[in-house]
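See below for the structure under consideration.
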Amino acid sequence: MTIVRGTQLTDPVVYSSTAVYLAEGTTSFFQQISAKAADYDVDLSANRILVYTAFISTDSACLRVVSESFNASAYRTIV
């Protein structure tokens with residue numbers, strides 16, 4: 001999983017991780033994956049909109065059973 005500030009995988013990375021889970025011989029193996037990240041001192045664009053994108057990939061043996069949830073809050077101190 002990689003989270004970037006922007007919309008492209010080449011944009012600044014805010015969070016990146018790799019997880020490997022082996023289901024050895026079971027047909028009912030579920031794994032929830034969660035992450036926390038922080039992005040500090042971000043310059044606002046001219047339109048004052050920040051965009052973050054989560055890129056998540058799996059191998060062909062993985063079955064996604066629910067949709068992903070991605071929430072973000074941005075704070076900036078004005079001095």
- Grab the two heavy atoms, one from V14 and one from A38, that are nearest each other, plus how far apart they are.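 Shortest heavy-atom contact: CG1-O, 3.7 Å.
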- Item | Minimum heavy-atom distance between F55 and T7, given as atom pair plus value |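 Looking at all heavy atoms of both residues, the closest pair is CZ-O, 3.4 Å.
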- Check the hydrophobic clustering (I, L, V, M, F, W, Y; side-chain heavy atoms under 4.5 Å; chains of links allowed) and say if L50 and V4 are grouped together.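 Not linked; separate clusters.
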- Measure the spacing between CD1 of I56 and CD1 of I3 and express it to the nearest 0.5 Å.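 These two atoms lie 7.5 Å from each other.
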- Does any N or O in the side chain of T53 come within less than 3.5 Å of the main-chain N or O of G6, such that one atom is a donor and the other an acceptor?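 Yes, the answer is positive, given that a donor and an acceptor are paired below the 3.5 Å cut-off.
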- Task: Can you spot which of D11, V13, D39 makes a side chain to side chain contact (heavy atoms under 4.5 Å, CB included) with R5?
- Result: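 That would be D39; it is the only one of D11, V13, D39 passing the side chain to side chain contact (heavy atoms under 4.5 Å, CB included) with R5.
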